[in-house]
S.K.: 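Please read through the structure below; I'll follow up with questions.
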Amino acid sequence: MSTQAAADFAALVNISAEKWPPRQRTYFGSLEIRPVQAGEAFAITTIRGCTGVMDLGDKRLMEYRITAREIAEDIAREINGDSGEGSFHGVFVAAGDLPTEAELTDARKRLEEFQRRLVAAADLEWERTKNPMFITDLERRAARQLGLEKPWLYDAKPLEDCPVCGEKIKPGVAVCRSCRAILDREKAAQYGLVPQERKSVAESQRQSEKREKEAGK
Ligand SMILES: [Zn+2]
């Protein structure tokens with residue numbers, strides 16, 4: 001029994017470079033899943049079987065054996081299931097001590113399928129909202145890992161408030177989209193957006209201040 005227990009190992013394979021927060025279990029404490037390092041095709045975290053202790057109350061404890069495979073499957077399920085239905089983050093339990101080519105190919109395929117689904121969801125969101133705030137980190141990461149160029153990969157400059165109506169506007173715009181106030185007269189004139197007699201907000205503000213001053217004298 002003791003030799004059998006000592007030999008109870010399972011290879012938890014990770015094909016992604018993602019660093020996951022350590023997994024916590026009462027029977028082994030904290031466990032870190034090795035991420036893939038540069039030049040590696042996969043990383044292995046060796047899991048060993050454990051003996052758990054169950055408190056039955058009345059100072060009675062019951063020991064129970066958990067196999068390495070059970071623990072490894074549990075951790076893989078937890079990591080992969082993190083992001084909704086069909087989610088897969090590249091962690092699986094090898095049948096042997098090392099992952100086979102077939103196991104690795106299958107895992108790569110599943111990971112890519114999941115990443116493509118994330119990218120498709122982000123594309124749809126972008127189509128609807130054009131708002132990078134609605135794109136998740138997971139979706140950005142998927143696009144980067146697939147080597148895809150996407151307009152939503154980049155954080156846009158933060159929006160500013162229109163000084164006239166208070167609506168959110170892109171920095172540097174000539175005219176406010178909501179209230180049509182001319183915010184940059186020079187730029188607006190350049191694109192023929194400002195009739196000669198109209199004044200920019202800043203300009204009319206300066207003039208009204210001047211008038212108030214004069215009236216106050
Ligand atoms: Zn405005």
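Values reported hereafter were calculated over all heavy atoms of this structure, with side chains retained and with hydrogens, waters and symmetry mates removed. We count ligands from 1, going down the list as the structure has it; atoms in each ligand are counted the same way.
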S.K.: Which protein N, O or S atoms does the Zn ion (ligand 1) have within a distance shorter than 2.8 Å?
M.R.: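 The answer is C162 SG, C165 SG, C176 SG, C179 SG.
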S.K.: Return yes if some donor-acceptor pair links the side-chain N/O of E139 with the main-chain N/O of T136 below 3.5 Å, else return no.
M.R.: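 Answer holds: yes.
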S.K.: Looking only at the side chains, is there a donor atom on one of R34 and T45 sitting less than 3.5 Å from an acceptor on the other?
M.R.: no
S.K.: Side chains of D123 and W152: any donor to acceptor distance under 3.5 Å?
M.R.: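 Side-chain D/A pair, W152 to D123: present.
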S.K.: Partners of F114 by ring-ring contact (aromatic ring centres under 6.0 Å, His included), sequence neighbours excluded?
M.R.: H89
S.K.: Does a salt bridge link R77 with E73, judged by any charged N lying under 4.0 Å from a carboxylate O?
M.R.: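 The answer is no: the pair does not qualify as a salt bridge.
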S.K.: Would you find more than 12 non-hydrogen atoms of other residues, nucleotides or ligands less than 6.0 Å from E127 atom CD?
M.R.: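 It does not: E127 CD has 12 such atoms or fewer within range.
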